[in-house]
Structures are given as C-alpha cells and as structure tokens.
Number of protein chains: 2
Amino acid sequence: MRNPDPVEKMDQQTPAPEPPEHADRPAPPEPEPSTPGLEADLRVAVGRLARRLRAQRPDTSLSLGQGAVLFALARHGRMTPRALADHEKVQPPSMTRIIGALEERALVRREPHPQDRRQHLVDLTEQGRALVRQDTRRREAWLAQRLAELEPGERETLREAAEILDRLSRS
Amino acid sequence: MRNPDPVEKMDQQTPAPEPPEHADRPAPPEPEPSTPGLEADLRVAVGRLARRLRAQRPDTSLSLGQGAVLFALARHGRMTPRALADHEKVQPPSMTRIIGALEERALVRREPHPQDRRQHLVDLTEQGRALVRQDTRRREAWLAQRLAELEPGERETLREAAEILDRLSRS
DNA sequence: CGGGGCTCATTACTCTTGCTAACGAAATCG
DNA sequence: CGATTTCGTTAGCAAGAGTAATGAGCCCCG
C-alpha cells in the first residue's frame, strides 16, 4: 500500500470558496448550487456506468478508448495522434497505445504526414469503417439493450444529456 | 430493436491540409430511429467523463469508488461488505480493498455483525461523516465548477438524466 | 546557414483499479 | 455431527492511464 495519511483534523464547515463576484453582473450571481446533490449523483452514476460499460464489453473487444477513437475518426476524418489525444483528453502515450491496438486489428492505418515527417495521419481502414458502421446500429448489446428498455421520454432526456455530458467531458 | 437502415452520417470535415478524400457526401438519408447515435454518444461521453473525473481528482484523494461507497453509507446507513459490493456492482474483493483504504483513513469502521460472526458491518466514522458533509457542498472542484457554468435548464436536464443513469448503471 | 529550442511520437516504467481463483471461518441444513 | 453454502479476505494478474525520458524533425533567429 502506501502512506496511510491519517486524517487527523478535518475542518467541518469549510468556509465556502466563493469566487469573487464580478461587479457588472446583472444576472443572479448564483453562489450556491441550485441543484443539491447533482454533483455527487452524477459523479457516482457516471463512475459506476463507466465501470460497467468497460466490464460488460461483450465480444467486440474494443475498449472504450478504442471505440471512441474509431468514432472520432469516422466523424472528423483522419487526424494526427496529437489531435486525437487532445480530442479524447488523454495523454499522447495513451493514444499511441490505443492506435497501436487498433492498427494491430487493421482498423486504422498510419500514413505519413505530407508536410511534417514527425507526424502521422491516422485514418480508418475499410475494415475500421465497416466496424463503425456496424457498431452504429448494433454496438454493444448491453447498453443498447438497456436504452431500449427506457421510456421514449427518458431516452429523449438522455439524448439531451449526452450532448451536455460531452461538453462537460471536453471542457 | 434491429434497425435496418444504414445510418451513414459521416460528415467529413478534414482538419488536415490535405482534403482530397472521397469527398462526396451521400445524400443524408436521415431515417431517424428513435435515438440515432445515442448509444455511441453516451458511451463515449460517459467514458471520457469518467476518465476526466478520475484524473482531475484534486486533493481529496478519494477514488471514485471510495467516494461512491462513502455516499452509499451516508445515504443508506451501515451495510455489510457484500451489500456494498452488490450496490456498487463490484466484486467482493474489490470492495474489500476499497473498505480497507477507507478504514486506513479512519473514514469507516468495521463492526462485528450481531448475529453472524462471518460478516461485518461497515459504518461511517465521525470523520467519514464530516467528509461526506463537506463534500456535499464542496466536493471536487472540477465537476462542480463545470456544473455551475451550465444553464439552469441544462442542469435540470442533467438532474433528470442522473437518475436515469443511476438506474442504467445498476440494472 | 546553422544552431538552439520546440513539437511530435514513442518507449519505459509505475500506479491504480478491477477481476478470478483459492481459502479459512462460520452458519445452516440433512 | 458432517456436508454444503456463504462471507470476507488474500494472492495473483491484466487493463488502462499517467509521467519521464528519448530521438527525430521542424523552425525561428541571429
């Protein structure tokens, strides 16, 4: 293990770290969270859901990261590893590893960069493109099944939330 | 829920200086099932958000799993390790480790089970309770800050979504 | 020009976190 | 009382992501 770091005294009521308000703000300053447990609920639910998504990955043995990269390439066209890393908010070495795994499966291909010989361009192969298309409708059974069981209104809520979550995850 | 139509929405917007791709755009079929890319969008966003939540963990060195357990105990009262594992959808050995880490920090305590000497009851200590209270309003700066920047309507959407995501993650 | 400094990708290593397998102790059922 | 089941734990392993260091290549500035 490591240093236990015994929590000795813990300030019970931490004075709120209120950021200084900017003077010219006509709107309500909203210093308190208008949604009480949201932060905790969201954190717990997202963490657990991600864990289950990773675990329940059935047969399409693409990791979450690999799938995300494949989708990003399909949506935005070929990119350098650096651009992919920025997009997915991982460090370059992690992206190197993901690309390596995808390349081993012949789902992506590294092409030389036309102007800069340090860089590569990563692009989908035909097989990669086919997998994305296939997954677009079939994807991973577990989540698709769960989503199918929801009420239409709930799916709609999730659809709006997915866009917000995407922004959150990228900000 | 088999969807027979080829969802083929790949808008090529190549950021690279070399756009001579197969740059034709198939007429947008837009057959629009109930939720087109929801499964993929949600999966990617949840994965990325979980990754960032884990990474951005600032100083309160509680892992996602540890935080979840603390909150579960605060919400539902003391529980056996088995119950906690079921609740958080992890295997018992993982829960053993989480509880061990929390116990080292004196945030939880193991009590003997009154009727069954195989089992324990895990309960929050005063310090654990204080940390939960503190985190309820302070929590992790990163997510709280992001949430605060959202529109009220967006937070409301997330609040509804959080409940749905919780159910999803547990089903 | 040409060198210093930067950027890009990769390698090497570590850490965290979750899993399965196996095990000992205790309850329970026959 | 013995067999079986359940609970928590230990041991070992694998995946995923991060930091540090490295080498190749670009580019600006003197």
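Below, chain A is the first sequence line, B the second, and so on; all start at residue 1.
- Salt bridge present: Asp166(A) and Arg48(B) bring a charged side-chain N and a carboxylate O closer than 4.0 Å.
- A search for side-chain hydrogen bond (donor to acceptor under 3.5 Å, both in side chains) contacts involving Arg118(B) returns Asp116(B), not counting sequence neighbours.
- The CG atom of Leu38(B) lies 12.5 Å from the CD atom of Glu163(A); values are rounded to the nearest 0.5 Å.
- A 6.0 Å sphere centred on CZ of Arg78(B) holds no more than 12 heavy atoms belonging to other residues, nucleotides or ligands.
- On the nucleic acid side, DNA chain D has its first and last nucleotide under 4.0 Å of a heavy atom of chain A at dG16(D) to dC26(D), going 5' to 3'.
- Between His87(B) and His76(B) there is a side-chain heavy-atom pair separated by less than 4.5 Å.
- At a threshold of 4.0 angstrom between heavy atoms, the contacts of Arg52(A) with the nucleic acid are absent.
- Legend: residues meeting side-chain hydrogen bond (donor to acceptor under 3.5 Å, both in side chains) with His120(A), ordered by chain and number and at least two apart, are absent.
- Here the CH2-CG distance, from Trp142(A) to Leu168(B), works out to 6.5 Å after rounding to the nearest 0.5 Å.
- The ring pair (Phe, Tyr, Trp, His ring centres under 6.0 Å) pairs that include a residue from residues 145-171 of chain A number zero, where partners must be two or more places apart or lie in different chains.
- Across residues 72-86 of chain B, not one residue has a non-hydrogen atom less than 4.0 Å from an atom of DNA chain C.
- Atoms CZ and NZ, from Arg170(B) and Lys89(B) in turn, are 7.0 Å apart once rounded to the nearest 0.5 Å.
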Contact list (N/O, under 3.5 angstrom) for nucleotides 20-29 of chain C vs protein:
from, atom 1, to, atom 2, distance (Å)
dA27(C), OP1, Arg117(B), N, 3.0

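- Base engagement by Arg97(A) is indicated by at least one non-hydrogen atom pair under 4.0 Å involving a base atom.
- As a whole-Å value, the separation of Ile99(A) CD1 from dA9(C) P is 8 Å.
- Arg51(A) has its CZ atom 17 Å from the P atom of dT16(C), to the nearest Å.
- Side-chain polar atoms of Arg52(A) and Ser169(B) form no donor-acceptor pair below 3.5 angstrom.
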